[in-house]
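Below is one structure, written out as structure tokens, with a few remarks after it.
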Amino acid sequence: MARARRTQRAKDWARRAPLLPALVFLIIVTQLPFVATVVISFTRWNAMAPDNRGFAAFDNYVAVFTDSAMRSSVLTTVLLTVTVVLVSLLLGLGLALLLDRSFRGRGIVRTLLITPFLVVPVASALLWKHALYNTSYGLINGVLTWIWGLFGSDHPPQPDWMTDSPLAAVEMSLIWQWTPFMMLILLAGLQSRPADAVEAARMDGASAFDIFRYLTLPHLRRYLELAALLGTIYVVQNFDAVFTITSGGLGTANLPYTIYQTFYQAHDYGRASAQGVVVVLCSLLVATFALRSVSSLLREEVTR
């Protein structure tokens, strides 16, 4: 009996052995830096005061939760994330419903709609900052000039989008980038919808709205939850758009940008590490719900 157990244990280790290098690499790349960040978050370490370094206990975390700039960045992050995720989700749902239909050139249209998600985030932010928002040669103001010119006006409105509506400017660039992601997830959900149930509803005289309300929307609930949770995880951590378009000014500084300011501008490594730990823990909380949604979707697919 003992020999059989040893043999089974050896077989188990033989199956796991090829995964050990990847596991060790994952621990070195992800877990060790996080442990180091946690350790630094309990220290008093500011490059501007190199002699005043030592153990700070929970002082950095108290400073994080009592800092007015941190609270403002939390509010900005919540507002930015909720707006981007909800609008992207609604637009992605509309595009997914359109692409679920058969029409000529659907493959080309689908590829073009996915393209914004494939653009490098910094390049996307630069595109919106210079090609669209610029007051002198931007496309948006150029279109306004053209429209006003059609009516014989020589004084079209030329708003400075990044100054007048800075947070909306960041939100629009992120919505443009994340709508294809939402569309892909929801389109996958639509294509897994049971076709026989839809056909039976049509034969019973159900309208398109009734089919969407009572069949499509309940079926997409898990996919909507998954898309919203994954989008939240990524948008909360967004730094590129805020840094590139507004440089965190005019009330657009979110949590990642505030951590950047604390680390690279204030050189307060201990407090910046505490801020990073708080953000990671919040992201892990959201990621837990996302993993549960993925697990429930997989269980539903297996039971079909």
Side-chain angles (χ1 to χ4, degrees), residues 2-43 45 77 81 85 88 92 111 114-125 174 177-178 180-189 191-192 222-241 243 254-257 259-260 263-264 269-270 272-304:
R3 183 177 180 180
R5 281 200 299 268
R6 286 196 299 270
T7 303
Q8 183 62 36
R9 191 178 299 114
K11 291 180 179 179
D12 293 340
W13 275 108
R15 287 196 300 268
R16 295 167 183 165
L19 299 176
L20 286 179
L23 180 61
V24 172
F25 177 78
L26 185 65
I27 292 174
I28 293 174
V29 172
T30 62
Q31 303 307 311
L32 291 184
F34 180 70
V35 171
T37 303
V38 172
V39 172
I40 295 173
S41 69
F42 289 101
T43 61
W45 185 3
T77 303
T81 303
V85 170
S88 300
T111 302
I114 295 173
T115 302
F117 185 65
L118 305 179
V119 178
V120 177
V122 173
S124 172
L174 291 175
Q177 186 178 11
W178 285 99
F181 176 78
M182 306 295 186
M183 180 194 71
L184 286 174
I185 293 179
L186 297 178
L187 184 59
Q191 293 181 347
S192 67
R222 295 287 188 187
Y223 295 90
L224 289 167
E225 292 174 355
L226 177 62
L229 289 170
L230 292 178
T232 299
I233 293 172
Y234 288 110
V235 176
V236 162
Q237 301 176 15
N238 182 270
F239 173 81
D240 308 83
F243 178 80
N254 59 350
L255 284 171
Y257 191 84
I259 296 173
Y260 161 79
F263 192 91
Y264 286 101
Y269 305 144
S273 298
Q275 292 172 341
V277 170
V278 172
V279 173
V280 169
L281 293 178
C282 293
S283 300
L284 287 176
L285 182 63
V286 179
T288 301
F289 290 103
L291 290 174
R292 288 183 179 178
S293 297
V294 172
S295 299
S296 63
L297 280 175
L298 293 175
R299 284 196 298 269
E300 289 178 2
E301 292 296 330
V302 168
T303 55
R304 285 180 183 175

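For the numbers below, each heavy atom of this structure counts, side chains included, while hydrogens, waters and symmetry mates do not.
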By ring-ring contact (aromatic ring centres under 6.0 Å, His included), which residues pair with [X], not counting sequence neighbours?
| X | answer |
| --- | --- |
| Phe34 | none |
| Phe263 | Tyr269 |
| Phe243 | Phe239, Tyr260 |

Approximate separation, where rounding is to 0.5 Å, of [X] [atom1] and [Y] [atom2]:
| X | Y | atom1 | atom2 | value |
| --- | --- | --- | --- | --- |
| Leu229 | Leu224 | CG | CG | 11.0 Å |
| Leu187 | Met182 | CG | CE | 14.5 Å |
| Gln237 | Thr232 | CD | OG1 | 11.0 Å |
| Thr115 | Gln177 | OG1 | CD | 12.5 Å |
| Leu32 | Leu26 | CG | CG | 10.0 Å |

Discussion item. Between Asp240 and Ala125 (side chain of the first, backbone of the second, donor and acceptor by atom type, cut-off under 3.5 Å), is there such a pair?
Written reply: no
Worksheet entry | Check: Ile40 main-chain N/O paired with Ser273 side-chain donor or acceptor under 3.5 Å | no
Taking every non-hydrogen atom, the tightest pair across [X] and [Y]:
| X | Y | result |
| --- | --- | --- |
| Ser192 | Tyr223 | OG-OH, 3.2 Å |
| Ile259 | Ala272 | CG2-O, 3.9 Å |
| Ile185 | Leu230 | CD1-CD1, 4.2 Å |
| Thr37 | Val277 | CG2-CG2, 4.0 Å |
| Ile114 | Met183 | CG1-CE, 3.9 Å |
| Pro180 | Phe117 | CB-CB, 3.8 Å |

Item to complete: Would you indicate whether Tyr234, at its atom OH, is surrounded by more than 12 heavy atoms from other residues, nucleotides or ligands within a distance under 6.0 Å?
Response: no
